[in-house]
Asks: 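There's a structure below that I have some questions on.
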Amino acid sequence: MFTNNMKRTKIAEVLSKEPIGQEVLVKGWVRAFRNNQFIALNDGSCARHLQVVVNPEHLDEQTLHRIKFGAAVGAKGQVVQSLGKGQRVEVEAREIFIYGDCNPEQYPLQPKKQSLEFLREHAHLRFRTNTFGAVFRVRHALAYAVHQFFHERGFFYLHTPIITASDAEGAGEMFRVTTLPLENVPRTPDGQVDYQQDFFGRPTNLTVSGQLEAELGALALGEVYTFGPTFRAEKSNTTRHLAEFWMIEPEVAFADLEDNADLAEAMLQYLCRYTLEHCAEDLQILEERLLEEEKAKPQEQRSPMPLREKIRFVVDNRFERLTYTEAIEILKHSPPNKKGKFQFPIESWGADLQSEHERYLVEKHFRKPVILTHYPAGIKAFYMRLDDPKEGVPGPTVAAMDILFPGIGEIVGGSQREERLEVLQQRMRDMHIPEEELYWFLDTRRFGTCPHAGFGLGFERLVQFVTGMSNIRDVIAFPRYPGNAEF
RNA sequence: GCCUCAUUAGCUCAGUCGGUUAGAGCGGCGGACUGUUAAUCCGUAGGUCCUAGGUUCAAGUCCUAGAUGAGGCGCCA
């Protein structure tokens, strides 16, 4: 009979402290049962399994038969030095208790390598694999480090709304939020949808960015950041877009574009360093997985360096900073442009850079993260600060900043904000953004305005970079994308 | 939204020029095994060849449409 009068010890603790001779109770899920004798037990606390050695003399035939891949079991026994070679310590089980059976004929997971596509269809179970265990432990570490980074620097965590009434930001297609009955929408006499009868008395959407609200906070609290879910209803079908993702958006008063770039670079290096120091085992698993995955690819598509080296490279090297105008010059004279290899040839100043151009700059030309600044005003948002005209620059630019990472592309997008009321109003008129809807935003410029700056970091893209997962749908627990909202 | 590729056993995939009874590895199941490490060994079951049409004496194989998945592009974080 299983006596459950002991405190459970986590496997991470047994493996790190190696308390030889101590009696422990461990609980977890069976990852392998070899030789009718050796259970590889994993409880999620760490990447590694604990070997539990079963002594058949202490175990009835029936329980032995229930030790199956995936079953939840508890094991009580002494921690001893292992006689085998794969591990230093193991638990000599005197008692085994089956919490939950796992029928192998029905269980979708198998004790073998399974494709990421298959696991994506079983996302509710994929946490139980080595790869996804590692991904989600690293994701947690990164989220924790984000708060630690900002807290250490005196930033305040601001919770901006998830439901918003402003649809004037132009950040993308929005998801409508309503309680109106879709099958029988109330109409006004002139046939329009009668939003006065809706929950908020007006049209509302899920937020596409907390930036405008964060600016309100920054112009009083000084330094704030948001870290929350963000929604874009674009039908993007790529390895780096989600309909629901998490975004980190710091906003800093009395800061200019350079301060902004400094902050973003320091943050990315801090977060990368944090995972190297706190997630060594998980990163090793992910590095080995990536190596295995890339074996199937042609040489030129493989990563130039192993995962951890790539992360260390970001920590140890200054990001390359250059202006859009300088980037255009480099691209114009680049071999692929001259040889007509770009699908979109670089011809003149003013066009937005395509993925292929960003990739060339980051992966071929500089071979390191790149901060691109001072984009043409025409291709950037209304709230970005208009630069003073500069010699050698063909048109008006804004104090924008994009950080490009190898393999992922744009990981950060930010700017110094336009703090001058008249300039901002002119920009809004030029871009057909209604002033009335953003009166509250403009009030910050009317009353005690000051220079300020901020950026947005796509959290999943950062997790992608650090874990080496190539599809963004594999770094969020339950991905939302066009045609899929399962689980 | 556009382009390319794929869909065959539970999973990963092979399947020749259209030809007769569709294969492998892993996994499952049964058995053996008290030092295994992707355990091993013996045995065994398992198929609506994505769907609907079409061409043909004959279709897993060719054609058309659709569904689903993957990758790329655009939009961006």
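Order of the sequence lines fixes the chain letters, A, B, ..., with proteins taken first and strands second; residue numbering starts at 1 for each chain.
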Asks: So which of residues 480-487 of chain A are in contact with RNA chain B, with a heavy-atom cut-off of under 4.0 Å?
Replies: none
Asks: Got A:L372 and A:L353 here, is their nearest side-chain heavy-atom distance under 4.5 Å?
Replies: yes
Asks: Using 4.0 Å as the upper bound for N to carboxylate O, is an ion pair formed by A:E215 and A:R417?
Replies: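 Here A:R417 pairs with A:E215 in a salt bridge, since their nearest N and O are under 4.0 Å apart.
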Asks: Enumerate, atom names and distances included, each donor-acceptor pair closer than 3.5 Å involving a side-chain atom of residues 397-411 of chain A, sequence neighbours excluded.
Replies:
from   : atom 1 : to     : atom 2 : distance (Å)
A:T397 : OG1    : A:D387 : OD2    : 2.6
A:D402 : OD2    : A:Y375 : OH     : 3.4
A:D402 : OD2    : A:K380 : NZ     : 3.2

Asks: I'd like the P distance from B:rA22 over to B:rU48, given in whole Å.
Replies: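 The answer is 13 Å between these two P atoms.
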Asks: Identify every side-chain donor-acceptor pair in residues 31-38 of chain A under 3.5 Å, counting partners at least two apart or on other chains, and give the distances.
Replies:
from  : atom 1 : to     : atom 2 : distance (Å)
A:R31 : NE     : A:R128 : O      : 3.1
A:R31 : NH1    : A:N130 : OD1    : 2.7
A:R31 : NH2    : A:R128 : O      : 2.8

Asks: Check whether any side-chain heavy atom of A:L322 lies under 4.5 Å from a side-chain heavy atom of A:T373, and answer yes or no.
Replies: no
Asks: If we ignore angles and hydrogens, is there a donor and acceptor under 3.5 Å between the side chains of A:Q284 and A:E288?
Replies: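 Yes, because at least one side-chain N or O of A:Q284 sits under 3.5 Å from a partner of the opposite role on A:E288.
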Asks: Give me the one residue out of A:F155, A:Y270, A:F156 that meets ring-ring contact (aromatic ring centres under 6.0 Å, His included) with A:F150.
Replies: A:F155
Asks: Using 4.0 Å as the upper bound for N to carboxylate O, is an ion pair formed by A:R240 and A:E460?
Replies: no
Asks: Under a 4.0 Å heavy-atom cut-off, which of residues 119-143 of chain A touch RNA chain B?
Replies: A:R120
Asks: Please report the distance separating the C1' of B:rC57 from the corresponding atom of B:rU20, rounded so that it comes out in whole Å.
Replies: 13 Å
Asks: Classify the side chain of A:E117 and the base of B:rU68 as holding, or not holding, a donor-acceptor pair under 3.5 Å.
Replies: no
Asks: Whole Å only: how far is the CZ atom of A:F245 from the P atom of B:rC75?
Replies: 16 Å
Asks: Indicate, with a heavy-atom threshold strictly under 4.0 Å, whether A:Q87 touches base, sugar-phosphate, or nothing.
Replies: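 It contacts base atoms.
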Asks: Between the side-chain atoms of A:T239 and the base atoms of B:rG72, is any donor-acceptor pair under 3.5 Å?
Replies: no
Asks: Are A:F459 and A:F227 close enough that their ring centers fall under 6.0 Å?
Replies: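 Between A:F227 and A:F459, which both carry aromatic rings, the centre distance is below 6.0 Å.
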Asks: When the nearest nucleotide of RNA chain B is assigned to A:N36 and to A:P104 on a heavy-atom basis, which residue is associated with the more 5' position?
Replies: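 That would be A:P104.
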Asks: Between the base of B:rG27 and the side chain of A:E105, is there a donor and acceptor pair under 3.5 angstrom?
Replies: no
Asks: In whole Å, measure the gap between the P atoms of B:rA59 and B:rG19 for me.
Replies: 11 Å
Asks: Could you check A:F33 against A:V412 and say which one's nearest nucleotide on RNA chain B is further toward the 5' end?
Replies: A:F33
Asks: Against the six-membered ring of A:F465, is A:K310 placed for a cation-pi contact (under 6.0 Å from the centre, within 45° of the normal)?
Replies: yes
Asks: Inspect the contact between A:R88 and A:E18 and indicate whether a charged nitrogen and a carboxylate oxygen are less than 4.0 angstrom apart.
Replies: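 So A:E18 pairs with A:R88 through a salt bridge.
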Asks: Could you state the atom-to-atom distance from CG of A:N237 to P of B:rG69 in whole Å?
Replies: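 For the pair A:N237 CG and B:rG69 P, the rounded distance is 8 Å.
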Asks: At 4.0 Å (heavy atoms only), tell me whether A:I248 reaches a base, stays on the sugar-phosphate, or touches nothing.
Replies: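 No contact.
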Asks: Between protein and nucleotides 3-10 of chain B, map the contacts as a letter string: B base, S sugar-phosphate only, - none, heavy atoms under 4.0 Å, written 5' to 3'.
Replies: -------B
Asks: What's the CG-C1' distance between A:N35 and B:rG31, to the nearest Å?
Replies: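 Rounded to whole Å, this separation is 14 Å.
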Asks: Taking atom C1' of B:rC75 as reference, at what distance in whole Å does atom CZ of A:R461 sit?
Replies: 10 Å
Asks: Can you find an N or O donor on one side and an acceptor on the other, under 3.5 Å apart, linking the side chain of A:R232 with the base of B:rA77?
Replies: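 A donor-acceptor contact between them is present.
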Asks: In whole angstrom, what separates A:Q51's CD from B:rU37's P?
Replies: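 Distance check: A:Q51 CD to B:rU37 P gives 10 Å.
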Asks: Donor-acceptor pairs under 3.5 Å, side chain of residues 338-346 of chain A to any protein atom, not counting sequence neighbours: which ones?
Replies:
none

Asks: Collect all protein-nucleotide pairs involving nucleotides 44-49 of chain B in which both atoms are nitrogen or oxygen and the distance is under 3.5 Å.
Replies:
none

Asks: If you define the side chain from C-beta out and look only at heavy atoms, does anything of A:C272 sit under 4.5 Å from A:F313?
Replies: no
Asks: Please give the distance between the P atoms of B:rG60 and B:rA38 as a whole number of Å.
Replies: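 That atom pair is separated by 41 Å.
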Asks: Could you go through the side chain to side chain contact (heavy atoms under 4.5 Å, CB included) check for A:Y225 and A:Y157 one step at a time?
Replies: CA-CA 5 Å; A:Y225 70 104; A:Y157 180 24; 3.5 Å; yes
Asks: In dot-bracket notation, what is the pairing pattern of RNA chain B, taking Watson-Crick (N1-N3 plus N6-O4 or O6-N4) and G-U wobble (N1-O2 and O6-N3) contacts under 3.5 Å, with [ ] crossing and | for other strands?
Replies: (((((((..((((.....[...)))).(((((.......))))).....(((((..]....))))))))))))....
Asks: Residues in ring-ring contact (aromatic ring centres under 6.0 Å, His included) with A:F245, at least two apart?
Replies: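 Applying ring-ring contact (aromatic ring centres under 6.0 Å, His included) to A:F245 gives none.
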Asks: May I have the distance from A:E293 (atom CD) to B:rA70 (atom C1'), rounded to whole angstrom?
Replies: 12 Å
Asks: Check this for me: does any side-chain nitrogen of one of A:R94 and A:E23 sit under 4.0 Å from a carboxylate oxygen of the other?
Replies: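 A salt bridge links A:R94 with A:E23.
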Asks: Please classify the nucleic acid contact of A:K68 as base, sugar-phosphate, or nothing, using heavy-atom distances under 4.0 Å.
Replies: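 Result for A:K68 = sugar-phosphate.
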Asks: Less than 4.0 Å between a side-chain N and a carboxylate O, is that true for A:E292 and A:K295?
Replies: yes
Asks: Can you check whether A:S415 reaches A:F455 side chain to side chain, under 4.5 Å on heavy atoms?
Replies: no
Asks: Using a strict cut-off of less than 4.0 Å between a Lys/Arg side-chain nitrogen and an Asp/Glu carboxylate oxygen, indicate whether A:D474 and A:R126 qualify as a salt bridge.
Replies: yes
Asks: Could you tell me whether the phosphate oxygens of B:rU12, OP1 or OP2, come under 4.0 Å of any side-chain nitrogen or oxygen in A:S115?
Replies: yes
Asks: With A:E90, which residues qualify under side chain to side chain donor-acceptor pair (under 3.5 Å), at least two apart?
Replies: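 By the side chain to side chain donor-acceptor pair (under 3.5 Å) rule, A:E90 matches A:Q51, A:S82.
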Asks: Rounded to the Å, how far apart are A:N55 CG and B:rU36 P?
Replies: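 Whole-Å distance recorded here is 17 Å.
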Asks: Within the structure provided, determine whether A:T239 and A:I472 are in side-chain contact (heavy-atom separation under 4.5 Å).
Replies: no
Asks: Go through it in stages, so that I can follow the logic: the residues are A:F136 and A:H140, the test is ring-ring contact (aromatic ring centres under 6.0 Å, His included), and I'd like the CA-CA distance, side-chain angles, deciding distance and then a yes or no.
Replies: CA-CA 6 Å; A:F136 289 106; A:H140 161 79; over 10 Å; no
Asks: For RNA chain B, find the residues of residues 347-357 of chain A with a heavy-atom distance under 4.0 Å and give them by number; none if there aren't any.
Replies: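 Residues of residues 347-357 of chain A under 4.0 Å from RNA chain B: A:Q354, A:S355.
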Asks: Given the side-chain rings of A:W29 and A:F69, with only the six-membered ring counted for Trp, is the space between their centroids under 6.0 Å?
Replies: no
Asks: Atom CZ of A:R34 and atom C1' of B:rU36: how far apart are they, to the nearest Å?
Replies: 6 Å
Asks: Check RNA chain B against residues 464-477 of chain A and give the residues with a non-hydrogen atom under 4.0 Å, in numerical order.
Replies: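 A:N471, A:R473, in order of number.
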